[in-house]
There are 2 protein chains.
Amino acid sequence: MAERDADTQRRSNEPPAARPTIADVARLAGVSKGLVSFALNDRPGVSADSRERILSAAAELGWSPSVRARSLSSNRAFAIGLVIAREPGIVAADPFFPTFMAGVETELSGSGQTLVLATVTPGRQEADTYRSLALDKRVDGVILTDLRTGDERIALIDELGLAAVTLGRPDTDSPFPAVSIDDEAGVTATVDHLAQLGHRSIAHVAGPSSMLHAARRRRAFERAAGAHGIAPRVVETDFSATEGAAATRHLLGDPDDRPTAIVYSNDPMALAGLAVAQRAGLIVPRDLSITGFDNTDLAEHVYPSLTSVATDVAAWGAIAARVLLATIASEPVDNTDLPPARLVARESTSHSPHHP
Amino acid sequence: MAERDADTQRRSNEPPAARPTIADVARLAGVSKGLVSFALNDRPGVSADSRERILSAAAELGWSPSVRARSLSSNRAFAIGLVIAREPGIVAADPFFPTFMAGVETELSGSGQTLVLATVTPGRQEADTYRSLALDKRVDGVILTDLRTGDERIALIDELGLAAVTLGRPDTDSPFPAVSIDDEAGVTATVDHLAQLGHRSIAHVAGPSSMLHAARRRRAFERAAGAHGIAPRVVETDFSATEGAAATRHLLGDPDDRPTAIVYSNDPMALAGLAVAQRAGLIVPRDLSITGFDNTDLAEHVYPSLTSVATDVAAWGAIAARVLLATIASEPVDNTDLPPARLVARESTSHSPHHP
DNA sequence: GCCCAGGTCTAAACCGGTTTAGGCACTGTA
DNA sequence: TACAGTGCCTAAACCGGTTTAGACCTGGGC
């Protein structure tokens, strides 16, 4: 009798018909709330007969559990978080995040989970953001992108009791599964490609060495260049088009000691570099070969079209989400490796001018 | 005595110290839970003395309300939603969303609210996404982007009982406040700029006419062209670089009837168009002037740099969020207009070849 | 015939807030 | 002195689920 009277809830004029609650289902099936809960989370201790009756009662009423109620009583959020800590300008220029999020979303949409997004400017604010997401359990886990060297976030998130996956393997001990793409393979393929075209002077415009994937690409470059007996030349940037352009101006500054090919660590920098070269009167690829990374949509639509390294970012997002959900469900999961990045050769690379 | 014993909650080994609850605050302040709630939502009926004691008890314990509990009892979500319905490829190429979201976030971060993101491919799935966000009150309101002609989402969202703001004014009756940027001013300025440079044959590569802002830019183009006695020529696309390139090939197809300037409805298409022109042996801007829209980061880093129309997208996001939060708090708000879009002239536009 | 184990189920506590109904003390008015 | 009104406060219901403690029934082993 202590049950609330569902009908009085509905007496208001006409607004969105009140959702049925678990009590309504219990009443219709002639069982207790508790048993309904058991049946619907299919846990043992419910007879086949009751389960049947409960499920059809739920179906008849069109009942679905209230995430908010579930979230309060079971201390889960049914949401995962993505904290983006990059300068706004750099995020915007880089199609990585939208694509990645679309991939995450494909995986989430079926699961009833939602994606909570936070963009912060790097720094102290970042830790606070994780802290507040965790303190109030607004998310059950997070996807850690843009890993840094000695990334403090790993310890922080562990301490906060959140689940997580990392994009790529961190350089420190991590309790979280990693979902990785072998982008070194892409860099190696790029350098091989250029070497094969006769280039002996190849430079690399790298991202910030504090970012693990930038550092990894750089090391792969140095290794691949070394393998061809080429002295690697590297300029470090923040991944922005502006610094990509500056790095290019620097590299092309001395006409007597100018690389014949430049390997950029992302596409926006490569495009900016292309413009710098053209502005300096060089013809790409006749005078200078250029390669990008990530195979942005635009890469095939510029002139000359840009040789780049393709990674399946959307798939990365989908798999990261899947692994995270499994982790949250405390299914043990292993590190996962995606198919390696592959080179897409286009017009911006050709024979070295010194090697006709 | 029916109060739960907070200490027994804490007996587990050492995990994240249990948060204090409102009951802890009540006990410390020597009042009832209810009064604490009243004091903290500063409602009348609490003596200055008690309020003081309650606030300092809360501060001492470092208490902050549990969003999840609040959300269940007060039927609010403390989150707003953004549903992105575009083809993944187009979203990725367009820096609009990341920038916009960063703007939203700046406004949200202080308010304890959260941004929930959903990306869907356009179509039926979209309505279901709104429906499921609303049914379970996972969000209190949504930001409606990419308005379409006769947009059915407006009625849907109204019916679902969600709050909303629209980006730009819809073409149908809408109960929601609109936050708009006058991008027509940008288009007009672009056409004026070109006309002033002597161009008499100007084409427009438009976005899909089903999208309100694309249609609006197109109409503004036609009007501005008409004002200069220029017969407007328009090709419609889906906003993708691929179709931008195709439209350009089409426009440049007949050497005898080739426009001397092309106004693109976004930057990625303009960049693709630039490449098509260059590939066809034209020199930009000598033979053909080109303009974009949105003033992407890359616009100033290509060669020739791209004349484009700048809008403050991050501010747009911040203001949209602010207006939405006010609407949710049922403060009445008016439609808001941001500073009009302005032309940023760069190298991709110059005198018409026919007008030396 | 007795006891224990296992399976099924219910009642009630619980998550942590908000909100309502009502109690009590004090004041002002008749 | 009685009565209504007001200000402050508490107890308890409530939001809609999950989870625990324990009741009840049945069957098997001895």
Side-chain angles (χ1 to χ4, degrees), chain A residues 1-6 8-10 18-27 29-54 57-58 61-78 112 135-138, chain B residues 1-6 8-10 12 18-27 29-54 58 61-78 112 135-138:
Chain A
M1 290 309 114
E3 295 299 358
R4 84 187 177 77
D5 177 359
T8 63
Q9 293 291 322
R10 211 161 283 146
R19 284 173 58 128
T21 75
I22 201 172
D24 298 324
V25 176
R27 200 175 311 124
V31 297
S32 69
K33 279 169 51 176
L35 199 63
V36 175
S37 176
F38 276 36
L40 282 136
N41 298 329
D42 40 30
R43 293 161 47 143
V46 184
S47 70
D49 181 52
S50 306
R51 163 169 285 117
E52 169 63 26
R53 240 171 335 117
I54 290 169
L61 294 176
W63 175 84
S64 67
S66 151
V67 177
R68 297 197 333 280
R70 228 140 80 94
S71 156
L72 177 59
S73 59
S74 64
N75 197 31
R76 282 174 296 166
F78 303 99
L135 256 187
D136 218 348
K137 264 251 181 242
R138 298 205 65 144
Chain B
M1 291 308 117
E3 296 298 0
R4 80 187 180 76
D5 178 358
T8 64
Q9 294 291 324
R10 211 161 285 146
S12 37
R19 284 171 58 127
T21 74
I22 200 173
D24 298 324
V25 177
R27 199 175 311 123
V31 296
S32 70
K33 277 169 51 177
L35 199 63
V36 174
S37 177
F38 276 36
L40 283 136
N41 298 328
D42 39 29
R43 292 160 48 142
V46 183
S47 70
D49 181 52
S50 306
R51 162 169 286 115
E52 169 60 28
R53 237 169 341 115
I54 290 170
L61 294 177
W63 176 85
S64 67
S66 151
V67 178
R68 296 197 334 280
R70 227 138 83 91
S71 156
L72 177 60
S73 58
S74 64
N75 196 32
R76 281 175 298 165
F78 303 98
L135 256 188
D136 220 347
K137 264 249 183 244
R138 297 206 67 143

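Here is the naming used below: chain letters follow the sequence lines, and residue numbers restart at 1 for every chain.
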Enumerate the protein-to-nucleotides 9-11 of chain D contacts in which both atoms are nitrogen or oxygen and the separation is below 3.5 Å.
from	atom 1	to	atom 2	distance (Å)
D:dC9	OP1	B:Ser47	OG	3.2
D:dC9	OP1	B:Ser50	OG	2.4
D:dC9	OP2	B:Ser47	N	2.9
D:dC9	OP2	B:Ser47	OG	3.2
D:dC9	OP2	B:Ser50	OG	3.1
D:dT10	OP2	B:Ser32	N	3.0
D:dT10	OP2	B:Ser32	OG	3.1

Tabulate atom names and distances for all N/O pairs under 3.5 angstrom spanning the protein and nucleotides 23-28 of chain D.
none

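Scored by the side chain to side chain donor-acceptor pair (under 3.5 Å) test, B:Arg70 finds no partners at all (sequence neighbours excluded). Qualifying salt bridge (charged side-chain N to carboxylate O under 4.0 Å, His left out) partners for B:Arg53, counting only residues two or more places apart in sequence or in other chains: B:Asp49. Checked against side chain to side chain donor-acceptor pair (under 3.5 Å), A:Ser32 has no partners two or more places apart in sequence or in another chain. By the salt bridge (charged side-chain N to carboxylate O under 4.0 Å, His left out) test, A:Arg138 is found to be paired with no residue, residues two or more places apart in sequence or in another chain being considered.
Considering only side-chain N and O atoms, A:Trp63 lies nowhere under 4.0 angstrom from the phosphate OP1 or OP2 of D:dG16. For the pair A:Ser73 and D:dG17, the criterion of a side-chain N or O lying under 4.0 Å from OP1 or OP2 is not met.
Side chain of B:Ser66, nearest nucleotide from C:dC15, D:dC15, C:dG17: C:dG17. With D:dG17, D:dT18, C:dG17 as the choices, the nucleotide that has an atom nearest any side-chain atom of B:Ala69 turns out to be C:dG17. Comparing D:dG17, C:dG17, D:dG16 by their closest approach to the side chain of B:Arg70 singles out C:dG17.
Rounded to whole angstrom, the span from the CZ atom of A:Arg43 across to the P atom of D:dT18 amounts to 9 Å.
Looking at heavy-atom distances under 4.0 Å, B:Asn41 makes contact with sugar-phosphate atoms alone, never a base.
Taking the C1' atoms of five terminal pairs at each end of the helix from C:dG1-D:dC30 to C:dA30-D:dT1, the two resulting helix axes are inclined by 60°, rounded to 10°.
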Determine all donor-acceptor pairs shorter than 3.5 Å in which one atom belongs to a side chain in residues 37-47 of chain B; sequence neighbours excluded.
from	atom 1	to	atom 2	distance (Å)
B:Asn41	ND2	B:Ser37	O	3.3
B:Ser47	OG	B:Ser50	N	3.1
B:Ser47	OG	B:Ser50	OG	2.9

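Put simply, the side chain of B:Arg19 gets close to the backbone of B:Pro65: a donor and an acceptor are under 3.5 Å apart.
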